[in-house]
Amino acid sequence: MTDRIEIPPAFPAVGDVRGKRVVLTGAGRGLGELLAHGFSRAGASVALVARTERDLKTVADDLPGPVLLFGGDVRDAAFNDAVADGTVEAWGGVDVWICNAGISPVVAGPLKTDPDVWRDVLDVNLTGAFLGARAAARVMAPGGRLIFTGSVLGERPARGLAAYSASKAGLVGMAKALALDLASAGITVNVVAPGWFDSPLAAGWKSNDRLEQSILDHTALRRWGRPGELVGAYLFLASAASDFVTGAVLTVDGGYLLK
Ligand SMILES: NC(=O)c1ccc[n+]([C@@H]2O[C@H](COP(=O)([O-])OP(=O)(O)OC[C@H]3O[C@@H](n4cnc5c(N)ncnc54)[C@H](OP(=O)(O)O)[C@@H]3O)[C@@H](O)[C@H]2O)c1
């Protein structure tokens, strides 16, 4: 017994994902394309998932490391299972599964929200993520990592985005429950909640002047996120440096939720 803390001989390298086998949904453009580059350049093998195979090929062409492509819909349980099985067949396992695919409907109030649009958003953003997690949990070994892309809108809603906010708030509840469920399997489950980052999806938000002004007013750093500022959170959660982090929401928002 000593009164000094035990200093380990070495600390895990933050964001070291070399050799990891990563499934990444929503990889055809936007934040997913960014994550594909971040993980591939960091030495991971990346299985790219989206519906539009042409987009996946375009992204894959620019990546330096091993790549698999899976064209299909995350709302389909059998497709998620096929992604898991195909990755295991090609690479022998899955270490990290990032549920990033998401959609955001045109900004509209409840009376203008078609019930089918509501269902679509929940289906893709929430059910799709659950089905990915389910497929991942089936094939992952202890040490596996599930990472969901949430959003600050899951915590502070914006007008006209009820379905989107509900889906992202639901994702946090689901991630926390799955963190409990999968702890005994040695799998951690966390959420990265980006603030406002430029992407094709964000184009609709940017064209709404009132929303754009409210974003700048609320963001402590008074600007949108830059592409290079997001990937580090995912690399951290995928690496040994976060072994003891589970059920957490890592917000990367320039202080949007502070005020
Ligand atoms: N951009 C931001 O500022 C921001 C902020 C917070 C959170 N987010 C979240 O970040 C994630 C990515 O957003 P983004 O801005 O990068 O959007 P994006 O540019 O529209 O890209 C979305 C990606 O998801 C794929 N996708 C959509 N529906 C799918 C489905 N049913 N099955 C499989 N893939 C599907 C799309 O490809 P296909 O259409 O070809 O399938 C595309 O590759 C989303 O979860 C979003 O909610 C974004």
Side-chain angles (χ1 to χ4, degrees), residues 23-38 46-60 69-80 82-83 97-107 117 119-133 135 147-158 161 163-172 174-175 191-208 211-212 215-216 218-219 223-227 229-231 233-234 249-254 256-257:
V23 172
L24 172 61
T25 75
R29 57 178 187 265
L31 304 189
E33 181 172 8
L34 194 62
L35 290 168
H37 278 264
V46 194
L48 307 175
V49 178
R51 288 168 301 183
T52 313
E53 296 193 30
R54 191 184 58 247
D55 287 353
L56 295 180
K57 288 196 184 84
T58 304
V59 172
L69 307 184
F70 294 99
D73 196 319
V74 295
R75 289 172 286 192
D76 178 353
F79 170 67
N80 281 285
V83 171
W97 192 300
I98 303 174
C99 298
N100 170 74
I103 57 170
S104 170
V106 180
V107 175
V117 171
R119 288 191 192 96
D120 268 356
V121 175
L122 272 291
D123 273 358
V124 176
N125 296 4
L126 187 54
T127 306
F130 174 73
L131 296 175
I147 306 172
F148 297 118
T149 299
S151 167
V152 287
L153 290 170
E155 187 165 335
R156 176 196 289 134
L161 286 167
Y164 186 80
S165 295
S167 72
K168 296 299 185 179
L171 209 52
V172 172
M174 181 175 78
V191 177
V192 175
W196 300 85
F197 283 82
D198 229 337
S199 74
L201 176 143
W205 302 334
K206 273 203 136 173
S207 63
N208 180 327
L211 183 58
E212 164 78 347
I215 289 166
L216 294 179
H218 278 294
T219 304
R223 61 174 175 80
W224 285 60
R226 296 172 186 139
E229 295 172 333
L230 184 64
V231 173
Y234 289 82
V249 181
L250 180 42
T251 302
V252 187
D253 70 345
Y256 177 77
L257 292 180

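First listed ligand is number 1; within each ligand, the first listed atom is number 1. Worth saying up front: this structure is predicted, and the values here are computed from it rather than measured.
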Distance-only polar pair, side chains of Glu212 and Trp224, donor-acceptor under 3.5 Å | yes
Sequence neighbours excluded, the answer for side-chain contact (heavy atoms from CB on, under 4.5 Å) partners of Ser165 is Leu153, Pro157, Leu161
Residue list, side-chain contact (heavy atoms from CB on, under 4.5 Å) with Arg75, at least two apart or on another chain = Arg51, Asp73, Asp120, Asp123, Val124
Strictly under 4.0 Å, does any heavy atom of [X] approach an atom of ligand 1?
X	value
Gly150	yes
Tyr164	yes
Gly225	no
Gly72	yes

To atom 35 (C) of ligand 1, the nearest of Ala129, Ala101, Pro194 on a heavy-atom basis is Ala101
So between Thr127, Asn100, Val121, Asn125, whose heavy atom ends up nearest atom 11 (C) of ligand 1?
-> Asn100
Give, for atom [atom1] of [X] and atom [atom2] of [Y], the distance between the pair rounded to the nearest 0.5 Å.
X	Y	atom1	atom2	value
Leu216	Tyr256	CG	OH	10.5 Å
Leu24	Ile98	CG	CD1	5.0 Å
Thr58	Arg29	OG1	CZ	12.0 Å
Ile147	Trp97	CD1	CH2	13.5 Å

Part of [X] within contact of ligand 1 (heavy atoms, under 4.0 Å):
X	answer
Val124	side chain
Lys168	side chain
Trp196	backbone
Ile103	side chain

